[in-house]
Every structure is written in structure tokens, then in C-alpha cells.
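A quick write-up on the structure given underneath.
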There are 2 protein chains.
Amino acid sequence: MNLLPNLPCMCSSVRRASRALTQLYEQALRPTGLRATQFTILQVLSRAGEVLQGQLGEMLAMDSTTLTRTLEIMIKREWVAERRGEDRRQRWLRLSKAGKSKLHRTLPAWEKVQSQLQRELGETTWKHLFRVADQLTVLATTDHK
Amino acid sequence: MNLLPNLPCMCSSVRRASRALTQLYEQALRPTGLRATQFTILQVLSRAGEVLQGQLGEMLAMDSTTLTRTLEIMIKREWVAERRGEDRRQRWLRLSKAGKSKLHRTLPAWEKVQSQLQRELGETTWKHLFRVADQLTVLATTDHK
DNA sequence: TCCAGATAGATGTATATACATCTATTGCAC
DNA sequence: GTGCAATAGATGTATATACATCTATCTGGA
């Protein structure tokens, strides 16, 4: 019996979907030992190349100081490599060899859960969802601050 | 300069939107001292009346044991009242008088941020977003487990 | 040159979140 | 009635997350 109440608050509703989705994806990724956030960072770095911590934060709509803690774990596990910039306050981040390998070994499990969900949602809703999620991110990050 | 990269992962994309949205709403709610999750729980309890902790978890797609910690804070602040069930393992939860009052004093700030976002997204996208978020929640919670 | 303000991250702290495991209780089979 | 499986939450632990504040560094003007 699934009595999902409609939540009147958009934030609550999206957060609930985010929790549910995170549980689904993390279950699929569990054998690889990657958490959702960690997988996301690997995938973004793999596409973006070397970026500053602050840039990575903007790309993920995540506070740069939050990344300090997450990256600490990922650097310790040697998935991510760092170097100080000429401006020595800055920190440049990139995927290490081990990180690239970790990502590639993780992709099959990710593709499986991702494509199953896509099938269940249908192509139209799927694409729409990407668009509206990104729109939401843009609006919410433009609005405040 | 806003270079929001498209994320290929639905989970990453929704989580990013969720973070952005949470920051927007929490900024609006900051003067009230309520976090997003706490506001959600007040609003749900206000509509659902007395519920078991496990039921609340299902309604929010949130692990019941996660609620133990969040509720501890809210009970300490006396926004939520608890009582043991006839089945003494169970815990019934409801809004206290103070909780109702807290919620009502918070609604104006919530309505402000919520309706501004609604304006910016447009009525059609807004409604669609609610539907697809709920659909996502249903699919993701049905799928696994 | 030197200093005042700005900036990039690091650190302290509070909350959110899930899972594995534990405890207390319940319900059932016998 | 006893004992065992199931269930509801509580607790231990790891990670995610943000904001306030701090530190190191940089930059521009006097």
C-alpha cells in the first residue's frame, strides 16, 4: 500500500524525489563502493578536465566548502588528483588514472539503472525531466545571492 | 557567468536541482529557524494528523531511522509530540500546539518563495514538475527493495 | 612599498541521510 | 505456554550538506 501524499511544497516534493532516486541509484552502485555524489564528481571531472574547486562547486550547485570534505575522501582514495594554482589559494582538480578506471568500471551498473528508469518514465518525460531539472537549478541559483 | 553543464545522469541532475532549491527555500525560511526537512515534517503532520514514525518515513521516502534523529530535534523544541502505541514498539507522532503555531508563522515566508518560483517557471511547467517529481518518487520507491 | 579590501579554500558546527546492527516487543506455530 | 521469526525503532558509523568564520594569499590604490 503506497499512500504517497501530494506535498504542496515544491522543495519538499523535489527533495523527496531526490531521496528516492538517490536510494535507487546508490543501491545499483553499492557493489562499486561509490556514493551518488562521488560518482557525479568523477563523471563531471571526466568531461570537464581540470577545474578549480570553486568552479566544480558552481557546476554542481554545491557550496565550495562542502567539496573540501567530499574531495578529501576522494583524494585519499586516489580517484582525484589536486595541485595548487599559480594563485596559491586556488586548488585545481582532475581525475587521476585510478579515478578514470574507477569511473569506467562503474558505468555499466549506472547505465543499467539509468536506462531502466528511462524505460519506465518514457522518452518524452525523461527528456522533459532533464530540461526542467536544469531550469530549476538555473532559476534557484540565479534568484538568491 | 553561469556555465551549468548538462549532467548525463538523472540522479545527479535531480540532486543538483534539489540542492539549489533547498538553498533557495532555506534562505527564505532562515529567519524562522526552520530547515527544509523540518518544515516539510510540520506541513505533513499538519495534514496527516497522528501517524506512526514508519508511516511518516514512507510518506517522505525517508528511512524511518533517519527520522529518529530529525524528530529528536523537533521533539526537543516541542514542535512535535509523541506517544507510544498499544504496540509498544510503535511511536505515534503529531503536531503540538507550538508546532502548529510555528508552522503558521512560517507559512508567509514559504508562500513568498514558492509563488515567486511558480511565477518564474510558469503555471504549466510548475504543475508538470509536481507530477513528474511524484512519479519519480513512486517509480524509484517501487523499483528497488 | 605598504596596507586595506577582496577572494579561495579550510575549519567549526549543526543538520540530513542511509545502512548495518542491536533491542524490545509482538505474533505464530506447535 | 514456549520459542522463533518478524517488526518498529534506536544506535553506531559514514557521508553529504550548508553557513559562519578563519587563514592565507592576492590586488589595487595611496
Side-chain angles (χ1 to χ4, degrees), chain A residues 11-12 15-31 33-41 51-58 60-77 82-93 140-141 144-145, chain B residues 11-12 15-31 33-41 51-58 60-77 82-93 140-141 144-145:
Chain A
C11 184
S12 307
R15 283 169 62 83
R16 178 171 67 181
S18 171
R19 280 191 298 271
L21 213 49
T22 300
Q23 286 166 47
L24 180 66
Y25 276 68
E26 290 204 333
Q27 182 190 319
L29 298 191
R30 196 150 309 137
L34 279 180
R35 302 292 298 266
T37 298
Q38 298 168 351
F39 173 75
T40 303
I41 289 175
V51 295
L52 293 171
Q53 177 165 332
Q55 293 174 330
L56 186 56
E58 277 199 26
L60 298 176
M62 184 181 291
D63 193 287
S64 150
T65 73
T66 294
L67 282 169
T68 301
R69 322 297 166 99
T70 299
L71 288 169
E72 184 180 16
I73 295 167
M74 301 184 74
I75 289 169
K76 186 146 300 163
R77 294 180 190 167
E82 59 176 337
R83 71 175 177 85
R84 282 288 147 190
E86 321 76 55
D87 179 339
R88 302 157 71 102
R89 292 169 304 180
Q90 297 182 327
R91 187 156 71 138
W92 291 95
L93 302 160
T141 51
H144 76 124
K145 81 160 44 157
Chain B
C11 184
S12 306
R15 282 169 63 82
R16 179 171 67 181
S18 172
R19 279 191 298 271
L21 212 49
T22 300
Q23 286 167 47
L24 180 67
Y25 276 70
E26 290 204 334
Q27 182 190 318
L29 297 190
R30 196 149 308 138
L34 278 180
R35 302 294 297 266
T37 299
Q38 298 168 351
F39 173 75
T40 304
I41 289 174
V51 295
L52 293 170
Q53 178 166 330
Q55 293 174 329
L56 186 55
E58 278 199 25
L60 299 177
M62 186 181 291
D63 193 286
S64 151
T65 73
T66 294
L67 281 170
T68 301
R69 322 294 167 98
T70 299
L71 289 169
E72 184 180 13
I73 295 167
M74 300 184 74
I75 288 169
K76 186 148 299 166
R77 294 179 189 167
E82 60 175 337
R83 71 176 177 83
R84 283 288 149 192
E86 320 77 54
D87 178 340
R88 300 157 71 103
R89 292 169 304 179
Q90 297 182 328
R91 187 156 71 137
W92 291 97
L93 301 160
T141 52
H144 77 125
K145 82 159 47 154

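This is a predicted model, so every value here is computed, not measured. The sequence lines fix the lettering, A, B, ..., with proteins before strands; numbering per chain opens at 1.
- Rounding to whole angstrom units, CZ of residue B:R19 and C1' of D:dA18 are separated by 11 Å.
- We find the CZ-CG distance between B:R15 and A:L21 to be 9.0 Å, quoted to the nearest 0.5 Å.
- Remark: P of D:dT7 and CZ of B:R88 are 21 Å apart, rounded to the nearest angstrom.
- Remark on DNA chain D: of its neighbouring residues A:T37 and A:G85, the 5'-side contact belongs to A:T37, judged by nearest-heavy-atom nucleotide.
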Between the protein and nucleotides 10-14 of chain C, list every N/O to N/O distance that falls short of 3.5 Å.
{"unit_1": "C:dA10", "atom_1": "OP1", "unit_2": "A:R84", "atom_2": "NH2", "d": "3.2"}
{"unit_1": "C:dA10", "atom_1": "OP2", "unit_2": "A:Q53", "atom_2": "OE1", "d": "3.3"}
{"unit_1": "C:dA10", "atom_1": "OP2", "unit_2": "A:Q53", "atom_2": "NE2", "d": "3.4"}
{"unit_1": "C:dA10", "atom_1": "OP2", "unit_2": "A:T68", "atom_2": "OG1", "d": "2.9"}
{"unit_1": "C:dA10", "atom_1": "OP2", "unit_2": "A:R91", "atom_2": "NH2", "d": "3.4"}
{"unit_1": "C:dG12", "atom_1": "N7", "unit_2": "A:R69", "atom_2": "NH2", "d": "3.0"}
{"unit_1": "C:dG12", "atom_1": "O6", "unit_2": "A:R69", "atom_2": "NH2", "d": "2.6"}
{"unit_1": "C:dT13", "atom_1": "O4", "unit_2": "A:R69", "atom_2": "NH1", "d": "3.1"}

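- The distance from atom CG of B:L52 to atom CD of B:E58, rounded to the nearest 0.5 Å, is 10.5 Å.
- Phosphate contact (OP1/OP2 of C:dA16, side-chain N/O of B:Q38, threshold under 4.0 Å): present.
- A:R16 CZ to B:S18 OG: the interatomic distance, rounded to the nearest 0.5 Å, is 12.5 Å.
- C:dG9 atom P lies 12 Å from atom CG of A:D63, rounded to whole Å.
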Report all side-chain donor-acceptor pairs from residues 63-72 of chain B shorter than 3.5 Å, counting only partners two or more places apart or in another chain.
{"unit_1": "B:D63", "atom_1": "OD1", "unit_2": "B:T65", "atom_2": "N", "d": "2.8"}
{"unit_1": "B:D63", "atom_1": "OD1", "unit_2": "B:T65", "atom_2": "OG1", "d": "2.7"}
{"unit_1": "B:T68", "atom_1": "OG1", "unit_2": "B:Q53", "atom_2": "NE2", "d": "3.0"}

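- Atom CG of A:L56 and atom P of C:dA8 are 14 Å apart (whole Å).
- Here CD of A:Q55 is found 8.0 Å from CD of A:Q90. Values are rounded to the nearest 0.5 Å.
- Listed by first residue number, the stems of DNA chain D with at least three Watson-Crick or G-U pairs below 3.5 Å are C:1-30 with D:1-30.
- Residues passing the side chain to side chain donor-acceptor pair (under 3.5 Å) test with A:R19: none are found, sequence neighbours excluded.
- Residues A:L29 and A:Q38 are not in side-chain contact: their nearest non-hydrogen atoms beyond the backbone lie 4.5 Å or more apart.
- Spacing between atom CH2 of B:W92 and atom C1' of D:dG9 amounts to 14 Å, rounded to whole angstrom units.
- Applying the salt bridge (charged side-chain N to carboxylate O under 4.0 Å, His left out) test to A:R84 and every residue at least two apart in sequence or in another chain returns nothing.
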Evaluate the side chain to side chain contact (heavy atoms under 4.5 Å, CB included) criterion for residues B:I41 and B:L60: first the C-alpha distance (whole Å), next the side-chain angles of each, then the deciding distance (0.1 Å), finally the verdict. CA-CA 9 Å; B:I41 289 174; B:L60 299 177; 3.9 Å; yes

In B/S/- notation, 5' to 3', how is nucleotides 2-7 of chain C contacted by protein heavy atoms closer than 4.0 Å? ----BB

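- In this structure, A:R15 places its CZ atom 10 Å from C1' of C:dT15, rounding to the nearest Å.
- Each of B:E26 and A:Q90 has a nearest nucleotide on DNA chain C; the 5'-most of these lies closest to A:Q90.
- Atom CD of A:E86 and atom P of D:dT27 are 10 Å apart (whole Å).
- Side-chain atoms of B:D87 lie closest to C:dT25 of the nucleotides C:dT25, D:dC19, C:dA16.
- As a whole-Å value, the separation of A:F39 CZ from D:dA16 C1' is 17 Å.
- The two residues A:E26 and A:A36 make their nearest non-hydrogen contact at OE2-N, 2.8 Å.
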Side chain to side chain contact (heavy atoms under 4.5 Å, CB included) evaluation trace for A:R35 with A:I73: CA-CA 11 Å; A:R35 302 292 298 266; A:I73 295 167; over 6 Å; no

